[in-house]
Amino acid sequence: MTQDLREAMAAEAPSGEAPPLAGMWRSARRRTQRRRLAVMGVPVASAAALLGGLVLVDRPGADAPVPLAVDQRSCDLIARVRAGDAPAGSLRTARPPADAAEMVGRSTPSGYGTPEGASLRPTVVRIRIERVEPADLSGLSVRWTDDLTARVVEPVQPADASGTIRVQTFRTDFWDDMSAATRMVQRDIDGVQDDIDAASAPLAALDQQIAQTPASDPAHAGLLDQRRREEARSQERRDALEAELADYQQRLQMLQLGERLLLGGTDFACFEPHVGDELIVALYESTDGAAFQLVGPGSFFVVDEGGMLSPELDGLRSAVPEWRTPLIEQTRGMSGDELMDLLRDAAEEAGGD
Amino acid sequence: MGDMSRGAGAGPPDDLAAFYDDQWDRVRGSLVLFTGSRELGEELAQEAFVRVCQRWDQVRTMDAPGAWVHRVGINLAISHGRRRGSERRARRRLEAVRAEVVAPPEPEAGVRAALLALDIDERAVVVLRFWADLSVKQVAEVLAIPEGTVKTRTRMGLAALRASGLVATEPEDDPIEEEVR
């Protein structure tokens with residue numbers, strides 16, 4: 001009877017405690033409250049074959065007059081206020097500033113929850129991501145993953161010397177797919193490397209034999225001949241494997257970058273900060289209760305471990321014409337310290353405060 | 001959307017909570033069996049119910065809301081499997097993977113292993129018919145296929161499971177044919 005099947009299925013899918021509906025309800029609410037969700041593909045040639053294009057999603061605030069992401073070429077770096085802490089807020093991105101003067105001095109971009117004509121000096125600081133706390137929502141395909149505290153480590157202007165912000169990023173199943181793809185490509189690389197080692201093993205063994213055989217030994221010439229034949233025989237295979245390895249390595253680099261730059265889905269971040277990352281950011285105070293806005297991605301810069309501005313981020317950013325501002329061009333190859341100096345000079349020229 | 005636009009403190013409405021209590025195990029079980037993975041099945045089931053929450057005003061008025069949430073879940077699982085399939089295709093040196101949908105069966109999971117060995121279309125029909133207890137008509141609606149196709153796939157799926165020993169063979173009084181009819 002199919003009763004067998006029903007019983008077997010029941011044994012394999014035993015009932016268990018259902019997760020709280022309230023969590024799903026809240027998740028659904030967040031999606032519904034979204035005012036606009038626009039998707040754009042960014043042509044990233046090397047990643048396109050695997051990813052089909054970089055996807056950025058705009059998730060503007062609830063009541064702000066909202067420019068379309070496709071117009072602004074912008075996306076959010078999610079950050080929120082930690083109750084009781086100074087500054088933070090919904091750190092929103094917009095079009096990048098044209099130059100250093102604009103980054104340190106321009107008015108809050110229009111259309112992002114600020115009054116028309118408002119002129120608010122941004123807080124431009126270098127921050128360091130300090131720790132990750134466990135997320136309180138887990139198990140959903142779209143979920144908070146990281147709760148990061150970022151501390152101001154260096155201000156452009158002394159008045160901005162202190163402050164803590166809390167940065168949150170959403171992870172989506174799309175992000176998880178990216179991570180899975182990265183892991184698989186890494187395994188492929190390991191596998192190809194093993195194949196290369198295996199294909200080269202006979203040559204290595206012969207080399208060892210030749211090294212151990214005196215040239216005067218009659219066997220020496222035979223070994224040399226055998227090595228030539230082996231080399232010729234395996235050359236094509238080894239070349240193919242090397243090419244395959246290079247291909248996988250290139251894919252891996254793009255995936256690793258993509259993992260950090262794109263989170264698709266209903267909520268998202270366009271860049272996922274990690275603990276230890278340093279960012280140079282411009283924070284704009286907003287008037288809608290959220291304390292600051294981050295204007296970028298043209299106006300946030302990632303400082304890599306060597307103290308240089310992340311070339312990968314800039315390279316990808318340059319793939320979007322609207323993000324390729326004179327500031328991006330000017331800062332290419334700069335260190336974080338040099339950019340801070342540039343911004344300080346710009347602030348001084350603007351009169352500072 | 002009426003309910004979703006309520007105040008920040010508003011929780012799910014009572015009829016949604018009742019629907020969830022009634023359907024969770026069934027949907028979760030279907031997706032666990034369909035995907036072969038408890039973790040993935042649960043995750044997909046949660047995602048399906050998030051979508052129910054988003055559209056509860058419409059879902060509550062449906063003739064068969066349980067079938068609808070199954071359809072969402074199965075579609076999510078198939079989409080997930082397709083994405084994984086794309087990744088697998090990138091793995092040029094890997095042997096072809098039989099299952100269309102994700103995780104390999106856990107060693108102890110006899111029925112899941114047997115189900116994963118089925119063609120994905122047959123697996124969907126078998127799970128929906130014999131786990132979710134949907135009628136032939138409902139399965140046809142969920143999978144957007146003719147009822148005759150549901151019957152055919154049921155017959156083929158059960159035959160494969162019978163060959164695997166999961167379903168008893170009783171040739172003189174073939175209950176499978178009864179089920180299919």
Side-chain angles (χ1 to χ4, degrees), chain A residues 1-34 49-52 138-143 172-174 176-178 180-185 187-188 191-192 194-195 241 244 247-248 251 255 265-266, chain B residues 1 3-6 8 10-12 16-17 20-21 24-25 28-33 38 41-44 46-47 49-56 76 80 83-84 86-88 90-94 109-112 114-115 126-127 129-131 133 158 161 166-168 170 175-176 178-179:
Chain A
M1 289 288 291
T2 49
Q3 188 60 28
D4 305 339
L5 178 59
R6 289 192 166 97
E7 288 171 2
M9 285 177 167
E12 287 297 336
S15 58
E17 188 175 345
L21 178 61
M24 296 173 220
W25 179 255
R26 283 196 299 272
S27 182
R29 281 181 58 85
R30 279 200 301 273
R31 295 183 193 183
T32 305
Q33 285 168 350
R34 204 172 63 231
L50 191 57
L51 305 176
S138 60
L140 296 177
S141 58
V142 177
R143 57 187 180 266
T172 70
D173 52 1
F174 186 60
D176 289 339
D177 288 346
M178 290 281 293
T182 302
R183 288 194 298 273
M184 279 190 281
V185 173
R187 283 200 296 271
D188 284 332
V192 173
D194 288 346
D195 288 349
L241 287 170
E244 194 175 358
D247 177 47
Y248 278 130
R251 280 191 215 180
L255 281 167
T266 54
Chain B
M1 194 175 300
D3 287 306
M4 294 306 300
S5 61
R6 295 193 303 186
L16 171 58
Y20 178 71
D21 289 343
W24 166 257
D25 273 343
R28 171 192 166 277
S30 293
L31 295 173
V32 167
L33 292 165
R38 288 186 188 182
E42 284 202 7
E43 189 167 345
L44 293 173
Q46 286 192 44
E47 177 61 27
F49 277 102
V50 168
R51 297 187 186 195
V52 168
C53 292
Q54 284 182 283
R55 298 168 180 80
W56 181 238
L76 287 170
H80 186 96
R83 285 200 301 274
R84 291 287 189 255
S86 299
E87 292 167 5
R88 281 197 297 271
R91 306 168 63 185
R92 290 153 49 189
R93 297 178 314 102
L94 198 64
V111 70
R112 276 184 276 162
L115 287 169
V126 168
V127 169
R129 286 283 286 117
F130 301 112
W131 167 260
D133 271 338
L158 288 176
L161 292 174
L166 196 62
V167 178
E170 298 178 23
I176 292 175
E178 287 297 320
E179 293 278 6

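Worth knowing before you read on, the calculation uses all heavy atoms, side chains too, and leaves out hydrogens, waters and symmetry mates. So that the names make sense, note that chain A is the first sequence line, chain B the second, and so on, each numbered from 1.
Looking only at side-chain heavy atoms (C-beta outward), A:Pro19 and B:Tyr20 come within less than 4.5 Å of each other.
Nearest heavy atom pair, residue B:Val127 against residue A:Met9, reads CA-CE, 4.1 Å.
Applying the side chain to side chain contact (heavy atoms under 4.5 Å, CB included) rule to B:Ala17 yields the partners A:Leu21; only residues at least two apart in sequence or on another chain are considered. Scored by the salt bridge (Lys or Arg N to Asp or Glu O under 4.0 Å) test, A:Asp194 finds no partners at all (sequence neighbours excluded).
Both the backbone and the side chain of B:Trp131 come within less than 4.5 Å of a heavy atom of chain A. With a 4.5 Å cut-off on non-hydrogen atoms, B:Leu44 does not touch chain A at all. Only the side chain of B:Asp133 comes within contact range of chain A, with heavy atoms under 4.5 Å apart. When heavy atoms are compared at a cutoff of 4.5 Å, B:Val126 approaches chain A by way of both its backbone and its side chain.
Rounded to the nearest 0.5 angstrom, B:Arg129 CZ and A:Arg6 CZ are separated by 7.0 Å.
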